[in-house]
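Below is one structure; the comments refer to it alone.
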Amino acid sequence: RPRQSFPSTLLWRRAVADRQANAPWQRLRFSWLLLLQLLAAALLTGAAIRPALAVHSELSADTVVVVDASATMQATDVRPSRFEAARTQARELISKLGSRDRLTLIAMGPEARLLASATGDQGTLSAALDRLQPGNGPADLAQALALAASAAGRAADSRLVLISDGITLTPPAPVTMPFPVEYREVGVSGENLAVTTLAVHPQADQRTAFVHVQNFGRQRHHADLDWRVDGHLADARGLDLAAGAGSDLVFPLPPGAQTVEAALTGSDLLAVDDAAWGIASPGRVRKVELVTAGNRFMQRALGLRPDLSVTVVAPAAYRPDPAVDLWVFDGFLPADLPPAPVWVVDPPAGRLGAGAMVAPGRVRATDPSDPLLQDVDLRDVHVARAHDLRATTFGGRSVLEGDAGPLLLVRDVPTPAALLAFDLHDADLPLRAAFPLLVDRVSAFLLPSAVPARAYRPDETVLLTPPAGATGLRVTLPSGRTADLHPARGAGAVAFGDTDQLGVYRVVPLGAGGP
């Protein structure tokens with residue numbers, strides 16, 4: 001077709017339009033309306049096919065998170081502390097909860113605590129985590145795992161996340177969990193100095209305190225140890241400890257001292273074990289009267305206790321005295337026993353049902369787990385002759401026995417009493433280290449202190465025994481807060497478990513007129 005030039009196409013627009021409308025292929029012209037229609041169609045199509053991206057999730061449908069809140073989590077090798085680092089990790093897990101996920105939050109300390117159970121409410125979980133604070137006690141891993149297994153139940157898709165520094169009490173037996181366990185370690189350093197022992201020598205005169213400081217790290221450390229008596233600085237010593245080494249220090253106690261404290265000063269990653277407290281005063285002194293014709297073994301063993309004032313009288317000089325707290329009758333018994341606690345040694349023949357003399361031979365424990373025999377070594381202890389107590393009217397339970405029956409009986413009703421079947425001069429027991437320990441245990445059984453004299457760790461339950469005539473006890477915590485305790489009817493002791501604070505707790509008896 002030849003090309004022609006025209007001055008105007010006005011006359012031919014209708015013909016051109018008809019030609020374009022009937023052409024099979026045309027060039028697509030831009031249209032905003034068409035573009036919007038195509039976009040709407042694409043969105044509807046995408047929504048209909050439900051697209052998804054498969055990724056690995058840190059949480060299961062039922063997740064149990066255990067946060068370590070024990071004393072070692074206060075270490076500052078991770079800023080601001082190991083506990084805050086663990087709490088941050090727990091918050092991150094809470095923030096990743098899906099609409100169908102559930103999370104259980106458990107605190108691990110001396111006792112495992114359930115903070116939140118199987119919930120997907122992030123606000124509830126975060127609030128429970130914010131209220132959690134580290135304590136001063138150890139971490140009981142076995143108890144925390146048992147609670148976690150119980151809280152997860154039989155859910156098929158369960159998982160445990162343990163956030164801890166790994167310093168826990170050793171489980172008594174291997175623990176098997178029914179679902180996967182992920183351990184997230186917190187803490188980067190093991191450098192630590194600690195006061196591990198503070199003990200006061202039991203002798204009433206020239207009392208001395210012993211302190212042990214241990215370096216648990218892999219580097220040499222220098223520190224100062226301050227020694228305080230009744231809250232006042234009495235001494236200060238510098239320590240230079242090699243890696244893994246310890247140091248023993250001895251401090252004399254001034255007369256009248258009541259409490260002592262040993263504290264490390266300087267920078268340390270874990271401050272909670274840098275101090276220890278002890279009781280220097282023996283407390284209320286109990287009056288003991290030993291009625292004997294001559295038994296220096298018993299007199300010296302009883303005199304080792306600084307809280308006992310021992311008086312020795314001959315049998316002919318015996319007179320009842322209501323001020324005596326404990327009577328010890330050696331080879332003698334009055335016509336009527338006093339109402340106070342009594343320890344009878346080698347009773348006269350026929351009294352209390354004591355039978356004929358027998359040859360017991362080697363001495364052994366009736367029950368090796370008996371607390372009266374703690375640390376008492378009975379090896380190579382023999383008795384030549386003793387009274388036969390198999391038909392005694394004394395009652396009680398047997399603590400020691402021989403080939404011919406029981407040798408030591410104790411009872412706590414109607415009043416505490418003990419019965420030793422032989423004369424100490426007829427046995428090699430007084431020549432053994434077991435003898436003063438046995439006398440200490442039995443005398444403590446007959447005259448129980450309000451607080452047993454031993455070391456206590458934070459968060460440990462203490463069994464307190466009110467003295468005779470008291471209706472209860474008042475405990476003053478290191479913070480100054482007080483708690484009144486009253487044993488149940490028929491119970492001789494009451495348990496006190498609010499011991500998380502560090503320092504000295506003071507216990508006084510409560511009577512009808514107050515403390």
Side-chain angles (χ1 to χ4, degrees), residues 56-74 81-187 456-463 495-500:
H56 175 69
S57 175
E58 294 188 44
L59 299 176
S60 300
D62 289 279
T63 302
V64 180
V65 177
V66 177
V67 179
D68 191 344
S70 62
T72 57
M73 295 296 286
Q74 300 180 39
S81 68
R82 293 179 183 178
F83 177 75
E84 290 300 332
R87 186 152 58 178
T88 299
Q89 292 193 32
R91 286 196 183 101
E92 293 176 354
L93 294 174
I94 293 174
S95 66
K96 296 178 181 179
L97 281 173
S99 59
R100 299 184 178 182
D101 295 336
R102 297 292 180 268
L103 189 143
T104 298
L105 194 60
I106 294 176
M108 180 172 65
E111 294 182 356
R113 291 179 289 152
L114 184 63
L115 305 179
S117 177
T119 179
D121 188 343
Q122 296 188 15
T124 300
L125 293 167
S126 297
L129 193 61
D130 291 340
R131 291 191 297 268
L132 180 62
Q133 295 296 328
N136 294 320
D140 193 330
L141 177 61
Q143 187 179 136
L145 294 180
L147 181 58
S150 176
R154 298 181 178 274
D157 188 12
S158 297
R159 183 183 179 196
L160 171 64
V161 180
L162 175 62
I163 308 176
S164 169
D165 58 4
I167 303 175
T168 67
L169 296 177
T170 303
V175 180
T176 301
M177 300 299 291
F179 41 75
V181 177
E182 178 188 354
Y183 170 51
R184 297 190 176 188
E185 185 175 9
V186 179
Y456 290 93
R457 58 171 174 77
D459 274 319
E460 181 178 357
T461 300
V462 182
L463 198 63
F496 178 71
D498 190 7
T499 59
D500 182 66

Contact check, side chains of [X] and [Y], non-hydrogen atoms, under 4.5 Å:
| X | Y | value |
| --- | --- | --- |
| Leu141 | Met108 | yes |
| Tyr456 | Val462 | yes |
| Met177 | Val64 | no |
| Pro110 | Pro138 | yes |

Please identify each residue that fulfils side-chain contact (heavy atoms from CB on, under 4.5 Å) with Thr124, with sequence neighbours left out.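 Asp121.
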Quick one: side-chain contact (heavy atoms from CB on, under 4.5 Å) partners of Asn136, sequence neighbours excluded?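 Once residues adjacent in sequence are excluded, the partners of Asn136 under the side-chain contact (heavy atoms from CB on, under 4.5 Å) criterion are Gln74, Val272, Pro458, Asp500, Leu502.
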Would a distance-only check, ignoring hydrogens and angles, find a side-chain to backbone donor-acceptor pair under 3.5 Å from [X] to [Y]?
| X | Y | answer |
| --- | --- | --- |
| Arg184 | Ala90 | no |
| Arg91 | Ser126 | no |
| Glu460 | Arg457 | yes |
| Thr88 | Glu84 | yes |
| Thr104 | Ser117 | no |

How far does [atom1] of [X] sit from [atom2] of [Y], to the nearest 0.5 angstrom?
| X | Y | atom1 | atom2 | value |
| --- | --- | --- | --- | --- |
| Met73 | Ile163 | CE | CD1 | 8.5 Å |
| Leu147 | Arg113 | CG | CZ | 11.0 Å |
| Asp498 | Asp459 | CG | CG | 8.5 Å |
| Leu162 | Glu185 | CG | CD | 10.5 Å |

Pair Gln89-Val161, side-chain contact (heavy atoms from CB on, under 4.5 Å): steps then yes or no: CA-CA 10 Å; Gln89 292 193 32; Val161 180; over 6 Å; no
Which of these, Ile106, Leu125, Leu105, sits in a side-chain contact (heavy atoms from CB on, under 4.5 Å) with Leu115?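 Result: among Ile106, Leu125, Leu105, Leu105 is the only option passing the side-chain contact (heavy atoms from CB on, under 4.5 Å) with Leu115.
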Determine, step by step, whether Asp101 and Thr63 satisfy the side-chain contact (heavy atoms from CB on, under 4.5 Å) criterion, reporting the C-alpha distance in whole Å, the side-chain angles of both residues, the deciding distance to 0.1 Å, and the verdict. CA-CA 8 Å; Asp101 295 336; Thr63 302; over 6 Å; no
What are the two closest heavy atoms between [X] and [Y], and how far apart are they?
| X | Y | value |
| --- | --- | --- |
| Phe83 | Leu132 | CZ-O, 3.4 Å |
| Pro178 | Ala149 | CD-CB, 4.3 Å |
| Gln133 | Arg87 | NE2-NH1, 3.9 Å |

List, one per line, each side-chain donor-acceptor pair under 3.5 Å for residues 164-176, sequence neighbours excluded.
| unit_1 | atom_1 | unit_2 | atom_2 | d |
| --- | --- | --- | --- | --- |
| Ser164 | OG | Asp68 | OD2 | 2.7 |
| Ser164 | OG | Gly166 | N | 2.9 |
| Asp165 | OD1 | Ile167 | N | 3.1 |
| Asp165 | OD2 | Thr72 | OG1 | 2.8 |
| Asp165 | OD2 | Arg82 | NH1 | 3.0 |

